[in-house]
Protein chains: 2
Amino acid sequence: MPPITLKQLAAELGLSPTTVSRALNGYPEVNEQTRARVAQAATRHHYRPNTRAKALATGRAMAIGHIIPISTQHEIVNPIFADFIAGAGEVYSREGYDMVLSLVPDAEQTRAYREIRAKGTVDGIIVHGPKEDDPRIALLAELGMPFVVHGRATGAKVPYSWVDVNNTRAFQRATEFLLDLGHRRIALVNGLEFMDFAIRRRHGYEAALAARGLATDPALMVQGEMTEAQGAHAARAMLALAHPPTAFLCSSLLSAMGVRREVEAHGLRLGRDVSIVTHDDELGYLRNGEAEPIFTATRSSVREAGRRCAQMLLGIIADPASAPRHEMLEAVLVVGRSTAPAPTIAR
Amino acid sequence: MPPITLKQLAAELGLSPTTVSRALNGYPEVNEQTRARVAQAATRHHYRPNTRAKALATGRAMAIGHIIPISTQHEIVNPIFADFIAGAGEVYSREGYDMVLSLVPDAEQTRAYREIRAKGTVDGIIVHGPKEDDPRIALLAELGMPFVVHGRATGAKVPYSWVDVNNTRAFQRATEFLLDLGHRRIALVNGLEFMDFAIRRRHGYEAALAARGLATDPALMVQGEMTEAQGAHAARAMLALAHPPTAFLCSSLLSAMGVRREVEAHGLRLGRDVSIVTHDDELGYLRNGEAEPIFTATRSSVREAGRRCAQMLLGIIADPASAPRHEMLEAVLVVGRSTAPAPTIAR
DNA sequence: TGCGACATCCAAAGCGCTTTGGGAGCGATT
DNA sequence: AATCGCTCCCAAAGCGCTTTGGATGTCGCA
């Protein structure tokens, strides 16, 4: 049994489709009594307007697109993503929007965005995982499609709307915190540094060191996929150095867990011999402790970022002519049990 | 500049919309030469048929819905999900389908599925995270909407299509493996046991023990969210027992990492004093080692499951009258460095 | 009594596409 | 020369909704 249509509903009520449509959409030119009758019949039949037809008639798809770049070189379909989606999804379902995902191979991005525009399945787009000089931004701007970037793209020439965490400041702050504890050999276990966020994190780290007159040491800086193995590998290599680091700054909880494992495998104690500060995205299934954090961390909810992005995009769609919007989220530095003053006795 | 329409394209070519449509869709009643002209003009203008209009005309939305239940009690928006989506997404984009996600609070499931059906935004649905006696299955069957369940729902009364890992056999096999190594005190760190997969895993574990005439010990069985903390908590409690387990069977790599941490914190050595076998979903960003596995594991790619689900669903949509389909994926037992014969000397 | 104002409803067009039901043109067949 | 059978194209209807532009009826007021 197919779903009931507006026309059928109208026929049953002895009304015209016009009136029923108006009644349901709250237009004034309909008797309140009739409106009530219509509403009642609608709920009785579980009537829902067909989205495709409505979209065609109104020109609004009532859907937002999330385009996930998939490349052979790295995984963007990552732990961050699920939580971000969850946050954005909350907003969409509250506002009656659908969320459509497209996985697009890196090579076909231009074609894909064009196509999505032409197909008209979505009213706006959220851009994930911006890289330095990301070409997608200029493309979307040119296509005239509303969009919000989660993150920023250093080097973009056109203005655009974004929601981002202050990665630079967060990592600068974290580095300062470790410096204040007396650490001088601080390692950076970063994400892939063609990703914008990773670039900014490194800048923050470098700025903090520079402010104290300290030079960076390439041997203490790695970049890569933010996995547990990455952390373990990095720590293993660095702890074997003649001058090993006394502290690690990690880009994700997973990396931090890898570092912790290797630190402990070396017979060192975390939060005494070695300190770790990590960035914590507050992922649903990867918590940094409960009430009290385990790792000292720069904490910023990616789910909240998802909510903000979604909200901003809906705002832009409602008022497309408005100026680009920006929202900077500040990460808070929460102190856990993974940091302590630098050991004074040389190891 | 709005995207070009069929009509405009036809006008430019001096043809009727009918002919252009047929040319583009490969119908035979059009001159090959004209078809070529049309095709060329189409690509030149980046023409893409408007999905909404096409959907309305054909009655096919060319989209698949993934409904993610969100409940207050636990997170289904979990690490599994991103990888599953990635797998399914591959198939969809290859076949020209869109993927639409809806986050639906547990309480509103019935309403939500009805609504999705009536709105006509999708041609089929993939059901995530089935629970015991999951009501969604009967509901979808009644609505006459094509669907495939990722997993199964013990106790469902109607026939339905599913793709599932043989969780029972996997955990039975893993338990036997540990028993063969001489372990007698084997702990089970399971997922939440109202989830179907967790129930089956427990059954497999119990069956293996029973087959050797061993009783289960409630003190060695926990269930919960599969996080690193869960593993650590469970291990801490169990290692403090008078008769601690010599082996752990974990439902996820994260739990296993938690167990490992606690084991090492107790000064025990993994793969000598204590063994761990875990289930490994082969998540993109949570790898169990590289070439050689770190943990001995029952391994089954959730991304592959996503692909299979998607493929099956498209098959059902193509032939809705066909009988329900089933696909059982077998997990392989891969041996890593986390298992060894049970220590003979009592600790 | 007549007229404008208002409230309430409806017919029809249109969104961009597919699809049914022809119809014109043309060479081949009888 | 009339007919048949193709090939190739088109007009028009329809998918389910919104929206413009009336139509009808009722009421108040001069």
Side-chain angles (χ1 to χ4, degrees), chain A residues 1-39 41-42 45-63 96 115-123, chain B residues 1-39 41-42 45-63 96 115-123:
Chain A
M1 180 195 60
I4 192 171
T5 72
L6 221 210
K7 212 202 300 191
Q8 291 168 0
L9 200 63
E12 180 180 315
L13 287 163
L15 290 171
S16 77
T18 311
T19 305
V20 176
S21 169
R22 283 178 161 153
L24 259 22
N25 291 312
Y27 283 80
E29 51 270 271
V30 43
N31 190 311
E32 279 311 319
Q33 199 172 322
T34 354
R35 191 194 301 282
R37 265 180 66 219
V38 172
H45 287 89
H46 296 297
Y47 171 76
R48 292 266 102 195
N50 181 306
T51 314
R52 307 187 300 239
K54 190 163 186 165
L56 189 56
T58 58
R60 317 242 340 231
M62 294 304 282
E115 198 166 304
I116 284 170
R117 168 83 197 304
K119 294 205 302 178
T121 34
V122 301
D123 297 322
Chain B
M1 180 194 61
I4 192 172
T5 72
L6 220 211
K7 213 202 296 192
Q8 291 168 359
L9 201 61
E12 180 179 315
L13 287 163
L15 290 170
S16 76
T18 311
T19 305
V20 175
S21 169
R22 282 178 163 153
L24 259 22
N25 291 312
Y27 283 81
E29 51 271 89
V30 44
N31 190 312
E32 281 309 320
Q33 200 172 321
T34 340
R35 191 194 302 281
R37 266 180 65 219
V38 172
H45 287 89
H46 297 296
Y47 171 75
R48 290 267 103 195
N50 181 304
T51 313
R52 307 187 301 240
K54 189 163 186 165
L56 188 56
T58 59
R60 315 243 340 234
M62 293 306 281
E115 199 165 303
I116 284 170
R117 167 84 198 303
K119 294 204 303 178
T121 34
V122 300
D123 297 322

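First the proteins, then the strands, lettered A, B, ... as listed; each starts at 1. Any value given below was found using the heavy atoms of this structure, including those in side chains, with hydrogens, waters and symmetry copies removed.
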K.L.:
Rounded to whole Å, please give me the gap between CG in A/Leu24 and C1' in D/dC17.
P.N.:
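In whole Å, D/dC17 C1' and A/Leu24 CG are 11 Å from each other.
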
K.L.:
Determine, step by step, whether B/His45 and B/Gln8 satisfy the side chain to side chain donor-acceptor pair (under 3.5 Å) criterion, reporting the C-alpha distance in whole Å, the side-chain angles of both residues, the deciding distance to 0.1 Å, and the verdict.
P.N.:
CA-CA 11 Å; B/His45 287 89; B/Gln8 291 168 359; over 6 Å; no

K.L.:
Looking at the side chain of B/Leu6, which of C/dG21, C/dA11, C/dT18 is the nearest nucleotide?
P.N.:
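Among the listed nucleotides, the one closest to the side chain of B/Leu6 is C/dT18.
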
K.L.:
With DNA chain C as reference, determine whether B/Lys7 or A/Val30 sits nearer its 5' end, using the nearest nucleotide of each.
P.N.:
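Nearer the 5' end of the strand: A/Val30.
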
K.L.:
Please report, to 0.1 Å, the donor-acceptor pairs under 3.5 Å made by any side chain of residues 52-63 of chain B, with sequence neighbours excluded.
P.N.:
from, atom 1, to, atom 2, distance (Å)
B/Arg52, NH1, A/Gly120, O, 2.7
B/Thr58, OG1, B/Lys54, O, 2.8
B/Thr58, OG1, B/Arg60, N, 3.2
B/Arg60, NH2, B/Tyr97, OH, 2.6

K.L.:
Rounded to whole Å, how long is the line connecting atom CG of B/Asn31 with atom P of C/dG25?
P.N.:
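It works out to 17 Å between those atoms.
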
K.L.:
Would you please confirm or rule out a distance under 4.0 Å between OP1 or OP2 of D/dC9 and any side-chain N or O of B/Thr19?
P.N.:
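False: B/Thr19 side-chain N/O out of range (4.0 Å or more) of D/dC9 OP1/OP2.
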
K.L.:
Please state how far atom CG in B/Leu15 lies from atom P in D/dA11, giving the value in whole angstrom units.
P.N.:
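To the nearest whole Å, that distance equals 11 Å.
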
K.L.:
Measure CD/B/Gln8 against C1'/C/dC17 and give the value in whole Å, please.
P.N.:
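Between C1' of C/dC17 and CD of B/Gln8: 13 Å.
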
K.L.:
For A/Arg48 and D/dT18, what is the distance between atoms CZ and P respectively, to the nearest whole Å?
P.N.:
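It is 12 Å, rounded to the nearest whole Å.
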
K.L.:
Describe the nucleic acid contact of B/Thr58 in one word from base, sugar-phosphate, nothing, applying a heavy-atom distance below 4.0 Å.
P.N.:
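Here B/Thr58 touches the backbone only, sparing every base.
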
K.L.:
Can you tell me which nucleotide in D/dT18, C/dC9, D/dC8 comes closest to the side chain of A/Thr34?
P.N.:
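Out of D/dT18, C/dC9, D/dC8, the nucleotide with an atom closest to A/Thr34's side chain is C/dC9.
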
K.L.:
By nearest atom, which of the nucleotides D/dT18, D/dC9, D/dG16 is closest to the A/Thr5 side chain?
P.N.:
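Closest nucleotide to the A/Thr5 side chain: D/dG16.
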
K.L.:
Let's see if you can work this out: which of C/dC17, C/dG21, D/dT18 has an atom nearest to the side-chain heavy atoms of B/Ala53?
P.N.:
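Within the option list, the nearest is C/dC17.
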
K.L.:
Using side-chain heavy atoms (C-beta onward) and a distance below 4.5 Å, is A/Val38 in contact with A/Leu24?
P.N.:
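Yes - at least one pair of side-chain heavy atoms lies under 4.5 Å apart.
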
K.L.:
Among the nucleotides C/dG16, C/dG21, D/dT18, which one has an atom lying closest to any side-chain atom of A/Leu56?
P.N.:
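Of C/dG16, C/dG21, D/dT18, C/dG16 is nearest to the side chain of A/Leu56.
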
K.L.:
Return yes if some donor-acceptor pair links the side-chain N/O of A/Arg37 with the main-chain N/O of A/Leu13 below 3.5 Å, else return no.
P.N.:
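The answer is yes, because a donor-acceptor pair under 3.5 Å joins these two groups.
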
K.L.:
Quick one: A/Arg52 CZ to C/dC15 P, roughly how many Å, whole number?
P.N.:
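Computing the A/Arg52:CZ to C/dC15:P distance gives 19 Å.
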
K.L.:
Want to settle it: does B/Thr18 or B/Ala57 sit nearer the 5' end of DNA chain D, counting the closest nucleotide to each?
P.N.:
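So the residue in question is B/Thr18.
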
K.L.:
Mind checking whether B/Pro3 and B/Arg48 have side chains closer than 4.5 Å, heavy atoms only?
P.N.:
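No, their side chains stay 4.5 Å or more apart.
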
K.L.:
According to a strict under-4.0 Å criterion, is A/Ser16 in side-chain N/O contact with OP1 or OP2 of C/dA11?
P.N.:
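A/Ser16 to C/dA11 OP1/OP2: no side-chain N or O under 4.0 Å.
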
K.L.:
Report yes if at least one side-chain N or O of A/Tyr27 is closer than 4.0 Å to OP1 or OP2 of D/dT19; otherwise report no.
P.N.:
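Answer yes for this pair, as a side-chain N or O of A/Tyr27 is under 4.0 Å from OP1 or OP2.
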
K.L.:
Given atom NZ of B/Lys54 and atom P of C/dT19, what is their separation to the nearest angstrom?
P.N.:
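From B/Lys54 NZ to C/dT19 P: 9 Å.
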
K.L.:
Whole-Å distance between D/dG16 P and A/Asn25 CG?
P.N.:
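Going from CG in A/Asn25 over to P in D/dG16 covers 17 Å.
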
